[in-house]
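Below: one structure, written as structure tokens.
Convention: sequence-line order gives letters A, B, ...; per-chain numbering from 1.
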Protein chains: 2
Amino acid sequence: MSAQAIRQAAIRLFGRQGYAATPLSAIAAAVGIKAPSLYAHFRSKEDLFRTVFDEAVSVELQELMAAVTPEASVSDGLHRYLRETVGRYEATTHLPFLLRSIYLPPPQLAAHIRERDKVFSAELARRVEQALRGQTAFLPLGMPPDEAALAFIGILRGIHAELLYAGPDAAQRLTQALWRVYARALRPDGR
Amino acid sequence: MSAQAIRQAAIRLFGRQGYAATPLSAIAAAVGIKAPSLYAHFRSKEDLFRTVFDEAVSVELQELMAAVTPEASVSDGLHRYLRETVGRYEATTHLPFLLRSIYLPPPQLAAHIRERDKVFSAELARRVEQALRGQTAFLPLGMPPDEAALAFIGILRGIHAELLYAGPDAAQRLTQALWRVYARALRPDGR
DNA sequence: AAAGGTGCCTAACGTCTGTTAGTCTTCCTT
DNA sequence: AAGGAAGACTAACAGACGTTAGGCACCTTT
């Protein structure tokens with residue numbers, strides 16, 4: 001019952017302040033109980049983190065699969081995923097938490113995080129390249145698909161960093177500029 | 001004498017493990033003294049952080065000014081700064097420290113960090129746009145300079161994120177791919 | 001109605017960490 | 001040679017934090 005509320009509060013607070021800077025007492029207070037009561041639901045602070053991290057990864061994985069499908073065109077798929085990423089950063093709690101955890105993990109949990117993240121990263125890379133190769137069925141690319149895929153992931157990282165650094169508004173402007181650069185570079189004749 | 005050694009150790013450890021996860025005893029041990037002895041040189045842990053952060057900002061500012069001069073061409077200036085950023089990430093201690101502090105600051109120090117970083121960000125934006133406008137003296141741009149400047153900063157952020165996420169080797173490959181995309185988008189005819 | 005589990009509480013422990021107080025040695029200055 | 005600052009030490013405190021122990025109320029099951 002309240003285990004769900006605890007997970008939500010943990011994601012929100014870990015995402016905002018980081019793992020080390022979030023005491024269990026803060027999570028407990030957010031759901032209206034005392035810190036020791038958390039131990040009726042989780043074995044330890046690390047256990048709580050692992051639980052919510054795995055949950056957040058699987059949510060983001062579903063978002064990715066919904067946005068970037070093999071059938072969608074590049075602008076319907078890749079561009080949409082970029083825009084939705086920015087939107088989800090303020091609309092959800094799992095994305096801020098995820099970005100923070102992945103880019104600067106708490107040392108003791110780094111191994112677990114890296115392991116789970118590999119699944120997501122591999123799926124991301126696979127889908128991006130798939131989307132780009134699908135594109136060439138209609139229109140040849142101005143550059144090799146593997147290089148274009150690498151650059152897309154770099155652009156996604158730039159948007160991640162801007163989200164962490166300056167928030168969704170700045171990241172939205174950046175997304176526009178980066179996508180225009182990217183789309184222009186993909187055209188075989190540069191238009 | 002040893003105040004310098006303390007600053008170096010602090011930058012290295014804060015950069016590797018973060019502010020909260022680095023006890024003063026670790027910094028003291030790194031220079032061969034005990035934790036309370038640090039108070040002969042600094043008023044508090046926060047004071048130590050502020051000192052080394054300001055130092056790191058000023059070092060990076062000088063690097064920027066050396067790489068991106070008004071006279072240099074876009075590829076001599078902007079491209080060089082990207083490549084040197086990746087190189088400095090493993091060759092120096094101040095850049096890992098700086099990226100970590102700026103993207104995910106310790107809450108109590110966020111105000112100070114943001115304030116000092118504004119100076120650097122403003123100078124960065126100014127120089128990038130200057131370099132791009134200088135470019136049009138030789139060759140017109142394929143897109144508006146302010147948009148191209150924004151995209152460049154986004155690309156720099158992508159490289160920052162990749163440095164944090166995967167380290168210098170992956171970041172170097174990413175830099176190549178992103179610069180090729182960027183340079184292609186800048187050409188008036190796309191070549 | 002009895003029994004047992006669930007979920008919360010308070011009290012408390014042990015550890016870690018930033019910080020202060022007080023002392024001793026070393027070295028430069030006068 | 002005397003004096004004093006610099007810079008290190010040990011001892012100790014106070015607070016925060018994760019965690020455990022033990023107990024109490026409520027609800028479901030039998």
Next on the checklist: D:dA6, OP1 or OP2 - any side-chain N/O from B:His41 closer than 4.0 Å?
Outcome noted: no

Checklist outcome for this item: Considering only heavy side-chain atoms of A:Pro36, the closest of C:dA21, D:dC17, D:dT19 is D:dT19

Checklist outcome for this item: Between OH of A:Tyr39 and P of C:dA12 the distance, given in whole Å, is 19 Å

Item to check | Check: A:Asp117/B:Tyr165 side-chain N/O donor and acceptor closer than 3.5 Å | outcome: yes

Next on the checklist: With a 4.0 Å cutoff (strictly under), does any side-chain N or O of A:Ser2 reach OP1 or OP2 of C:dC8?
Outcome noted: yes

Checklist entry - So, do A:Phe97 and A:Tyr19 have ring centers that fall under 6.0 Å from each other? => result no

Item to check | Whole angstrom value for the distance that separates P of D:dC9 from CD1 of B:Ile33 | outcome: 6 Å

Checklist outcome for this item: Here the distance between atom P of D:dC9 and atom CG of B:Leu24, to the nearest Å, is 14 Å

Next on the checklist: Can you measure A:Glu46 atom CD to D:dG18 atom P for me and round it to whole angstrom units?
Outcome noted: 11 Å

Checklist entry - Separation of A:Tyr19 atom OH from D:dC17 atom C1', in whole Å? => result 11 Å

Checklist entry - Any idea which of C:dC8, C:dG18, C:dT10 is nearest the A:Lys34 side chain? => result C:dT10

Item to check | Atom-to-atom span, CG of A:Leu13 to P of D:dC17 - whole angstrom | outcome: 13 Å

Item to check | side-chain N/O B:Ser37 vs D:dG7 OP1/OP2, d < 4.0 Å | outcome: no

Checklist entry - Which whole-number value in Å describes the distance from B:Lys45 NZ to C:dT20 C1'? => result 18 Å

Next on the checklist: Can you measure B:Asp47 atom CG to C:dT19 atom P for me and round it to whole angstrom units?
Outcome noted: 10 Å

Next on the checklist: Just by distance, no angles: are the side chains of B:His94 and B:Glu55 close enough, under 3.5 Å, to form a donor-acceptor pair?
Outcome noted: no

Item to check | Modelled atom types, side-chain donor and acceptor of B:Arg7 and B:Gln4, under 3.5 Å | outcome: yes

